[in-house]
Colleague: 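Got a structure for you, written out below as structure tokens; questions coming shortly.
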Number of protein chains: 2
Amino acid sequence: MILAKKKIFTDFALSKGLRSTRQRDIILDIFLSTHQHISVEELYLKVKSSTPDIGQATVYRTLKLFAEAGLAREILLHDGQTRYEHVVAGEHHDHLVCTKCNSIVEFENETIEMLQNEIADRHGFQIRNHKLEIYGLCANCR
Amino acid sequence: MILAKKKIFTDFALSKGLRSTRQRDIILDIFLSTHQHISVEELYLKVKSSTPDIGQATVYRTLKLFAEAGLAREILLHDGQTRYEHVVAGEHHDHLVCTKCNSIVEFENETIEMLQNEIADRHGFQIRNHKLEIYGLCANCR
DNA sequence: TTGGTTTTGATAGTCATTTTCAATAAAACA
DNA sequence: TGTTTTATTGAAAATGACTATCAAAACCAA
């Protein structure tokens, strides 16, 4: 799992002509050791406590690279700090979100995906990805 | 429609003990005359061209009030600017979002809605609302 | 109109993020 | 291996969106 992610970054670096550096290796290790989503500042503090000579700017730069490489994703909440979450291979972006207990059920529906493609075509739009969130009350909470 | 929105704000102002001011009236008029979503800066420019003596800080403050009153909603894209969109009763939340120029096209598809209902039923889920965002490149940017 | 309170505009301040740039380190080359 | 080339780094300055400050102006009840 972690090796696969490291390979994704190695391949990305290769394809972009990026160099392999100690800083990037360390930041990637630490990012991969986290769960859920983490703010740049939080990650920087972790990095700093493990390797004090790595600068904040490098953490910012490197996280953007991870996002570009497709192994992290920027998340915007309403507190002005950018956070990053892991991109999980094969994950679906279709969720039933319970607004009471915050539980999330992931689903998949081919017909919906097909209709999305149709709609995009009709607008000359080229799809990269999508997110469908249905909010409401789950079976336990209603 | 517009009158209804104005009433929402008037009621909100009343309940909060806020005063009715020329600036808020003008900003509300201009906000209601826009479509889709608009950044604070964009709205400020519109306001300034109509009434040059209204300051930027007031536009920021007033838009936050609109959001609090429930007639606007903050949107975060990835360009660091906060945008506001109209809260429409019974509105649709299905969008094609261009990741390059940030343009948004709203669409509606009954079949998708129907399928969502089916999926929700299957999980014993009671839908309150939903959001479907398709990210990619619009016709102009691809 | 007056008096108390809210709102405003200008501006200074804040804070996350980005840019700059000289120093350093990685890859390419000899 | 040493040398050259070029990317990367850290520190600090710059940027840019947004917020706080505060004296002046506007609002509104009496």
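Since the model is a prediction, treat every value here as computed from it, not as a measurement. Lettering follows sequence order; numbering is per chain, from 1.
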Colleague: Under the rule for ring pair (Phe, Tyr, Trp, His ring centres under 6.0 Å), what residues qualify as partners of A:His95, not counting sequence neighbours?
Modeller: none

Colleague: Of all residues at least two apart in sequence or in a different chain, which pass the side chain to side chain donor-acceptor pair (under 3.5 Å) check with B:His78?
Modeller: A:Glu74

Colleague: Do the non-hydrogen side-chain atoms of A:Leu71 and A:Leu28 ever get within less than 4.5 Å of each other?
Modeller: yes

Colleague: Would you say the side chain of A:Glu42 lies within less than 4.5 Å of the side chain of A:Thr34, judging by non-hydrogen atoms?
Modeller: no

Colleague: For DNA chain C, what residues of residues 41-51 of chain A have any heavy atom nearer than 4.0 Å?
Modeller: none

Colleague: Base contacts versus sugar-phosphate-only contacts with protein, heavy atoms under 4.0 Å: please encode nucleotides 23-30 of chain C as B, S and - from 5' to 3'.
Modeller: --BBS---

Colleague: Under 6.0 Å from the CD atom of A:Glu106, do we count more than 12 heavy atoms belonging to anything else shown?
Modeller: yes

Colleague: Show me the donor-acceptor pairs, under 3.5 Å and distance only, between side chains in residues 56-66 of chain A and residues at least two apart or in other chains.
Modeller:
unit_1: A:Gln56; atom_1: NE2; unit_2: A:Glu41; atom_2: OE1; d: 2.9
unit_1: A:Thr62; atom_1: OG1; unit_2: A:Thr58; atom_2: O; d: 2.6

Colleague: Let me know the distance between NE2 of B:His78 and P of C:dT18, rounded to the nearest Å.
Modeller: 12 Å

Colleague: For DNA chain D, which residues of residues 53-69 of chain B approach it to below 4.0 angstrom with any heavy atom?
Modeller: B:Ala57, B:Tyr60, B:Arg61, B:Lys64

Colleague: Report the residues that fulfil ring pair (Phe, Tyr, Trp, His ring centres under 6.0 Å) with A:His86, sequence neighbours left out, ordered by chain and then residue number.
Modeller: A:Phe31

Colleague: Between B:Ser39 (side chain only) and B:Arg83 (backbone N and O only), is there a donor and an acceptor less than 3.5 Å apart?
Modeller: no

Colleague: Name all residues meeting the side-chain contact (heavy atoms from CB on, under 4.5 Å) criterion together with B:Ile2; count only those two or more places apart in sequence or in a different chain, and write none if there are none.
Modeller: B:Lys6, B:Leu32

Colleague: Taking salt bridge (charged side-chain N to carboxylate O under 4.0 Å, His left out) as the cut-off, I'd like each qualifying pair that reaches into residues 50-60 of chain B, sequence neighbours left out, listed once.
Modeller: B:Arg22-B:Asp53

Colleague: Please round to the nearest 0.5 Å and tell me the distance separating atom CE of A:Met114 and atom CD1 of A:Ile119.
Modeller: 10.5 Å

Colleague: Excluding sequence neighbours, so at least two apart, what forms side chain to side chain donor-acceptor pair (under 3.5 Å) with B:Glu133?
Modeller: B:Tyr135

Colleague: Carefully, step by step, assess A:Asp94 and A:Glu113 under the rule side-chain contact (heavy atoms from CB on, under 4.5 Å).
Modeller: CA-CA 10 Å; A:Asp94 305 83; A:Glu113 308 245 338; 3.9 Å; yes

Colleague: How large an angle, rounded to 10°, do the end axes of the helix from C:dT1-D:dA30 to C:dA30-D:dT1 enclose when each is built from five base pairs?
Modeller: 30°

Colleague: If I take atom CG in residue A:Asp79 and atom C1' in nucleotide C:dT17, what distance separates them, rounded to the nearest angstrom?
Modeller: 14 Å

Colleague: I need the minimum non-hydrogen distance between A:Leu137 and A:Cys98, along with the two atoms involved.
Modeller: CA-SG, 4.1 Å

Colleague: Between which nucleotides of DNA chain D, 5' to 3', does chain B make heavy-atom contacts below 4.0 Å?
Modeller: D:dA17 to D:dC28

Colleague: Heavy-atom distance under 4.5 Å between the side chains of A:Thr82 and A:Leu76, does that happen here?
Modeller: yes

